[in-house]
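Here the structure is laid out as structure tokens; the discussion comes afterwards.
The sequence lines fix the lettering, A, B, ..., with proteins before strands; numbering per chain opens at 1.
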Amino acid sequence: MTDRLTIATWNINSVRLRLPIVEKLLLDHAPDILCLQETKCPNGNFPLGPLRKLGYEHIAVHGQKGYHGVATLSRRPFLSEERIDYCGKGDSRHLTVEVDVAGSRVAVQNFYVPAGGDEPDPEVNDKFAHKLAFLDEMGDRFASLTTPTVVVGDLNVAPYEHDVWSHKKLLKVVSHTPVECDRLEAVRAAGGLVDVMRRFVPMEDKLYTWWSYRAKDWSAADKGRRLDHVWTTPDLAGQATRMEVLRAARGWEKPSDHAPVIARFEA
DNA sequence: ATGGTCGCTAAGCGA
């Protein structure tokens with residue numbers, strides 16, 4: 001059986017405020033699955049109706065009031081849903097669904113990793129300590145992955161030199177410190193996962209998914225970072241046929257500070 | 001070196 005699955009991931013920074021551009025992404029790009037992060041929306045207030053109307057009948061939500069929150073929208077039914085409370089803090093930062101792809105179960109894990117605050121020292125900054133602990137727990141859990149899996153989301157780390165606009169200037173900036181970059185590599189390696197985005201973009205080319213709101217002209221300055229990722233188990237990595245960072249969406253009306261990433265798999 | 005902008009939810013926190 002042949003099959004094609006397109007997965008998009010997007011840190012939306014309030015799904016209610018940005019419903020119009022979520023709808024635009026779905027209409028223009030028609031992914032089979034869209035994983036959202038930072039929905040900032042309690043489950044009861046999630047805009048299910050308008051999204052179902054666009055053909056995304058299957059919507060798994062894991063939100064909370066004010067902060068964080070993830071959701072996964074799908075044209076295909078879910079075979080299972082799982083929400084894991086990383087670090088036992090009650091944060092809504094993880095959601096796994098399983099869907100059928102060409103007659104096999106594929107797990108899609110949607111993550112919003114803690115940003116980690118400003119000071120990259122776990123001794124003085126609890127938020128940074130939390131980020132490192134969260135990554136460690138991801139690695140521990142990935143070590144026992146069994147089903148074919150796609151991991152997507154805002155991992156809040158730009159691990160490689162050309163994942164940031166200036167490697168030297170960002171070495172002490174949270175998101176690109178060596179301790180985080182090494183930790184993220186360890187997480188990926190623990191699951192034997194493949195960095196799908198970098199299979200399409202050479203390591204020596206710049207690759208960003210996030211541009212700060214604070215820049216006067218984000219596109220001209222282009223001081224980006226690759227905080228969002230698509231990883232898969234090796235079986236699926238060989239089926240990846242396309243990957244795109246939708247940079248244009250950073251310039252849409254009332255934009256998120258993140259751009260969507262879209263990947264296609266053909267089985 | 002500093003401050004710059006957002007989105008909650010109701011002054012400050014988190015990013």
Side-chain angles (χ1 to χ4, degrees), chain A residues 9-25 35-47 61-71 85-94 110-122 124-135 152-159 163-166 168-177 179-181 183-184 208-229 247-261:
Chain A
T9 180
W10 197 7
N11 178 317
I12 197 60
N13 186 19
S14 171
V15 67
R16 285 174 288 180
L17 191 68
R18 285 184 233 294
L19 182 60
I21 61 172
V22 173
E23 293 174 318
K24 177 171 171 58
L25 177 78
C35 295
L36 296 172
Q37 303 87 35
E38 277 206 275
T39 53
K40 296 184 175 177
C41 182
N43 292 342
N45 296 335
F46 197 92
V61 294
H62 188 205
Q64 65 184 84
K65 184 178 166 185
Y67 303 101
H68 325 315
V70 289
D85 181 6
Y86 280 78
C87 300
K89 291 171 66 84
D91 286 353
S92 298
R93 296 181 177 274
H94 170 265
N110 178 359
F111 279 95
Y112 176 52
V113 172
D118 289 332
E119 184 59 49
D121 179 353
V124 301
N125 175 5
D126 291 343
K127 292 199 281 270
F128 195 73
H130 176 215
K131 181 177 197 174
L132 297 180
F134 192 103
L135 290 169
V152 303
D154 178 3
L155 305 186
N156 264 316
V157 181
D163 289 341
V164 294
W165 66 276
S166 170
K168 280 190 180 171
K169 286 196 169 72
L170 289 176
L171 275 171
K172 292 180 178 171
V173 174
V174 170
S175 72
H176 192 63
T177 64
V179 61
E180 293 165 85
C181 297
R183 205 69 65 108
L184 194 76
Y208 312 141
T209 64
W210 173 89
W211 294 262
S212 172
Y213 282 128
R214 297 176 189 177
K216 266 187 211 145
D217 182 337
W218 70 272
S219 190
D222 204 22
K223 293 184 174 179
R225 305 179 201 170
R226 183 170 70 123
L227 302 180
D228 303 275
H229 297 268
R247 182 183 169 114
R250 180 63 179 79
W252 288 351
E253 185 85 9
K254 292 274 280 172
S256 168
D257 45 356
H258 294 250
V261 182

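Of the residues A:Val152, A:Asn156, A:Asn11, A:Leu155, the one that meets the side-chain contact (heavy atoms from CB on, under 4.5 Å) test with A:Asp228 is A:Asn11.
B:dG7 sits 24 Å from B:dT2 when the C1' atoms are compared, rounded to a whole Å. For B:dG4 and B:dA15, the C1' atoms lie 14 Å apart once the distance is rounded to whole Å. Look at the C1' atom in both B:dC6 and B:dA11: the space between them is 16 Å, to the nearest Å. Rounded to whole Å, the separation between the C1' atoms of B:dG14 and B:dT9 comes to 13 Å.
Looking at residues two or more places apart in sequence or on another chain, you find a side chain to side chain donor-acceptor pair (under 3.5 Å) between A:His176 and A:His167.
Nearest-nucleotide mapping onto DNA chain B: of A:Ala215 and A:Gly116, the residue sitting toward the 5' end is A:Ala215. With the nearest nucleotide of DNA chain B identified for both A:Val15 and A:Asn156, A:Val15 has the one nearer the 5' end.
Nucleic acid contact for A:Lys65: sugar-phosphate only, since backbone atoms but no base atoms lie under 4.0 Å from a heavy atom of the residue. In this structure, A:Arg93 reaches the sugar-phosphate backbone alone: every heavy-atom distance under 4.0 Å involves primed, P, OP1 or OP2 atoms, never a base.
The salt bridge (Lys or Arg N to Asp or Glu O under 4.0 Å) contacts involving residues 12-25 of chain A comprise A:Lys24-A:Asp28, where partners must be two or more places apart or lie in separate chains.
Between the side chain of A:Ser92 and the main chain of A:Gly63, a donor-acceptor pair closer than 3.5 Å is present.
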TODO: May I have the step-by-step check of side chain to side chain donor-acceptor pair (under 3.5 Å) for A:Thr9 and A:Gln37, ending in yes or no?
DONE: CA-CA 8 Å; A:Thr9 180; A:Gln37 303 87 35; 3.0 Å; yes
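Using a 30° and 60° split on the angle between ring planes, A:Phe111 and A:Tyr86 fall in the perpendicular class, above 60°.
Put simply, chain A comes within 4.0 Å of DNA chain B, heavy atom to any atom, from B:dG4 to B:dA15, going 5' to 3'.
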